[in-house]
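These notes are about the structure you will find just below.
So that the names make sense, note that chain A is the first sequence line, chain B the second, and so on, each numbered from 1. Everything quoted here is computed from the prediction, not taken from an experiment. The figures here come from the full heavy-atom set of this structure, side chains too, leaving out hydrogens, waters and symmetry mates.
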Protein chains: 2
Amino acid sequence: MKNQRIINIFKTYLAHTGKKITWEREEILTLLLEKQGHFKVEDIVKITESSKNRISRATVYRTFNMLESAGIISHFYDHNHEKSYEINHEHHDHLICAKCGKIIDFTNEDQEKIQKQICSQYHFFPIFHSLHIYGICQNCLTKD
Amino acid sequence: MKNQRIINIFKTYLAHTGKKITWEREEILTLLLEKQGHFKVEDIVKITESSKNRISRATVYRTFNMLESAGIISHFYDHNHEKSYEINHEHHDHLICAKCGKIIDFTNEDQEKIQKQICSQYHFFPIFHSLHIYGICQNCLTKD
DNA sequence: TTAAGTGCAAACCTTTTGCTGCCCC
DNA sequence: GGGGCAGCAAAAGGTTTGCACTTAA
């Protein structure tokens, strides 16, 4: 299963960088993979707080940073300017409604193709991109 | 001159929203227009600190927020995750080097065209977009 | 065994806010 | 003259860090 693959990537990363595989680290990544979509540090803190295996806020922060260094997750800022994360294999671009905060994920091939063209034009080697379009979603548009 | 036009937009905005035109507000916008490119709150604080007309950090923050509400500037996060601003009429997308932090500005018509297509596909009314591609610039690539 | 990890609380940094005297309209 | 201002310092919010104890390998 795909999730197991990602967990293994993380374990390999930990081994590679002389870090240890603790149940807290596994648990956090597992929760992220279960949750899918977008998540904040606080989400995870709260989930573990209401379970028998509480994990401290500091550890969640440290683990998120590690997961980001490992290239497994990435962050962006939502319509409230709050930091939000997502799994990289689910990477897509975002339409963010300025009114209700809804986030519509999308990917578009032409879009990606043009980005590659732009990079080669500037002799730039791309690693990661983020495209966010802020506006008003259909639902909020029709409500007025 | 273009800068005067922007200053007038700001003045109109202030008048419209029952706010006052103070020398601090004019000075901050003038500095931004002179500086061009990208700037941080701290940049402006430092510039005024070393001049005869010091402006407090609180006022710079308040004015930046006001300028952003007025649609005159927008923010993004640089390669150090630090908040950075730019004038909107100079809006363009960014290639950000993860090594040296250099920011290459660009605009691309095809890119914008596709974004419009995507929005109409999702019945989404776009207001503002931000496209950042993180990677390694030519200079840093050849240095290794 | 022992290097690295966790939890806690304190420290940090950036940004916002309450208040007082001040200035623009 | 009076309602918004600027400056200050304190507070807030989010994130990191030093330390003492614990744990994976």
| note | Side-chain atoms of A/R25 come closest, of D/dC8, C/dG7, C/dG5, to C/dG5

| message | What is the distance, to the nearest angstrom, from the CD atom on A/E49 to the P atom on C/dT6? | response | 17 Å

| request: Tell me, please, which residues at least two apart from A/H75 pass side-chain contact (heavy atoms from CB on, under 4.5 Å). | output: A/E68, A/Y77, A/K83, A/Y85, B/H81

| query | A/I118 versus B/D93: any side-chain heavy-atom pair under 4.5 Å? | reply | no

| Between A/N139 and A/C100, is any pair of side-chain heavy atoms under 4.5 Å apart? | no

| Do the side-chain N or O atoms of A/T59 get closer than 4.0 angstrom to the phosphate oxygens (OP1, OP2) of C/dG7? | yes

| query | Does some side-chain heavy atom of A/I7 sit less than 4.5 Å from a side-chain heavy atom of A/Q4? | reply | yes

Side-chain donor/acceptor pairs under 3.5 Å, residues 17-24 of chain B, sequence neighbours excluded:
| from | atom 1 | to | atom 2 | distance (Å) |
| --- | --- | --- | --- | --- |
| B/T17 | OG1 | B/Y13 | O | 2.8 |
| B/T17 | OG1 | B/L14 | O | 3.3 |
| B/T22 | OG1 | B/R25 | N | 3.3 |

| request: Quickly work out the B/M66 CE to D/dA6 P distance and round it to whole Å. | output: 7 Å

| What's the OH-P distance between A/Y13 and C/dA4, to the nearest Å? | 14 Å

| request: Report, as a single string ordered 5' to 3', how protein heavy atoms within less than 4.0 Å touch nucleotides 20-25 of chain C: B base, S sugar-phosphate only, - not at all. | output: ----BS

| task | Please name the pair of heavy atoms, one in A/L32 and one in A/F64, separated by the smallest distance, quoted to 0.1 Å. | result | CD2-CZ, 3.9 Å

| task | Please list, chain by chain and in numerical order, all residues satisfying ring-ring contact (aromatic ring centres under 6.0 Å, His included) with B/F76, sequence neighbours excluded. | result | B/H38, B/H94, B/H132

| query | When you check every protein heavy atom under 4.0 Å of nucleotides 10-21 of chain D, what one-letter string (B, S, -) results, 5' to 3'? | reply | ----SBBBB---

| request: Provide, to the nearest angstrom, the distance between the CG atom belonging to A/L67 and the P atom belonging to C/dG5. | output: 13 Å

| remark: Double-helix bend of the helix from C/dT1-D/dA25 to C/dC25-D/dG1, axes at both ends from 5 pairs, round to 10°, gives 40°

| query | If only atom types and distance count, is the side chain of A/D43 paired as donor or acceptor with the main-chain N or O of A/K40 below 3.5 Å? | reply | yes

| remark: In whole angstroms, the gap separating P of D/dA6 from CD1 of B/I55 amounts to 9 Å

| query | To the nearest Å, how far apart are B/E27 CD and D/dA6 C1'? | reply | 15 Å

| A/I87 side chain near A/F39 side chain, heavy-atom distance below 4.5 Å | yes

| B/D78 CG to C/dT14 P: how many Å, rounded? | 12 Å

| Just by modelled atom types, is the B/D110 backbone N or O under 3.5 Å from a matching donor or acceptor in the B/N108 side chain? | yes

| said: What I'd like to find out is whether the side chain of A/K11 reaches to under 4.5 Å of the side chain of A/E26, using heavy atoms alone. | reply: yes

| field | Separation of D/dC5 P from B/I28 CD1 (nearest whole Å) | value | 13 Å

